[in-house]
Amino acid sequence: DTGVSQNPRHKITKRGQNVTFRCDPISEHNRLYWYRQTLGQGPEFLTYFQNEAQLEKSRLLSDRFSAERPKGSFSTLEIQRTEQGDSAMYLCASSSLTEGARETQYFGPGTRLLVL
Amino acid sequence: AQKITQTQPGMFVQEKEAVTLDCTYDTSDQSYGLFWYKQPSSGEMIFLIYQGSYDEQNATEGRYSLNFQKARKSANLVISASQLGDSAMYFCAMREGRYSSASKIIFGSGTRLSIRP
């Protein structure tokens, strides 16, 4: 399977704990994105990387959130001191600049987080 | 201001009928891209179709076509000959600006499509 993969698929944690999610993009895709989706809503942009550089962060990305893409391949999203409001689906997507104007983001299956 | 508007929270359609899902958008950019994604209950966002703002013809991908009316800022998705497997949430989305400098996608609130056998 050469699509975007995310691990874990589900995570249940207690309030105050730290969690880390991993995203493996489509091979050779140089752009990687994180989105958050709450129930009944469309995904909301969190941040994106071009290669290893984090180029944009949303206001939604509080200081408890940090994302990395150290070698320009996989990425991790860490949430520190989780709160119940962090419960959501976290989606990762990747794309390639070589597609030019038709650049399309391809999404992974998501990580569903539940904070108790 | 809301950028993507999907006015149909839910729709029911008989199998084999065609269905149109509405989407209007708001942007002051001349260059932008419009997307439709399908999200089944499993949660994965599946890319369906893309329309560029400068594309002169409406995009088509198999049973999916995009009715692009630039002056009205609408980008409706048409699914022909609906199938039971089409039951899912459908999201309209937009990327503003040139692809090289602005890549985040803004999503609408979605339309839940249910196909009746």
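Proteins come first, then strands; the chains are lettered A, B, ... in the order of their sequence lines, and each starts at number 1.
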Legend entry - Test applied, side-chain contact (heavy atoms from CB on, under 4.5 Å); reference residue, A:Q105; option that passes from B:Y37, B:F47, B:F35: B:Y37

Legend entry - Side chain, backbone, both or neither of B:Y50 within contact of chain A (heavy atoms, under 4.5 Å): both

Legend entry - Main-chain N/O of B:G43 paired with A:R112 side-chain donor or acceptor, under 3.5 Å: no

Legend entry - residues 54-73 of chain B: residues contacting chain A (heavy atom under 4.5 Å, by number): B:D55

Legend entry - Distance in Å, A:T104 OG1 paired with B:I49 CD1, rounded so as to fall on 0.5 Å steps: 11.0 Å

Legend entry - Heavy atoms from other residues, nucleotides or ligands near CD1 of A:I12 exceed 12 (cutoff 6.0 Å): no

Legend entry - side-chain contact (heavy atoms from CB on, under 4.5 Å) partner of B:I105, the single match among A:F45, A:Y35, A:Y33: A:Y35

Legend entry - Same cluster (ILVMFWY, side-chain, under 4.5 Å), A:W34 and A:V4: no

Inset, instruction - Find out if a path of hydrophobic residues (ILVMFWY) with successive side-chain heavy-atom gaps under 4.5 Å connects B:M11 to B:Y90. - result: yes

Legend entry - Heavy-atom proximity to chain A below 4.5 Å, by part of B:Q51: neither

Inset, instruction - Tabulate, in ascending numerical order, the residues of residues 77-96 of chain A having at least one heavy atom closer than 4.5 Å to a heavy atom of chain B, or enter 'none'. - result: A:M89, A:L91

Legend entry - A:P43 to B:M45 - nearest heavy-atom pair and separation: CG-CE, 3.9 Å

Legend entry - Heavy-atom contact with chain B under 4.5 Å, split by part of A:Q37: side chain

Inset, instruction - Determine, using the 4.5 Å side-chain heavy-atom cutoff (strictly less than), whether A:L32 and A:F65 are members of one ILVMFWY cluster. - result: yes

Inset, instruction - Drop me the distance from A:K57's NZ to B:K104's NZ, to the nearest 0.5 angstrom. - result: 14.0 Å

Legend entry - Cluster overlap A:L60 with A:V19, hydrophobic side-chain contacts below 4.5 Å: yes

Legend entry - ILVMFWY cluster, A:L46 and A:Y106 together (side-chain gap under 4.5 Å): no

Legend entry - More than 12 heavy atoms from other groups under 6.0 Å of NZ on B:K38: yes

Legend entry - Greater than 12 external heavy atoms within 6.0 Å of A:L116's CG: yes

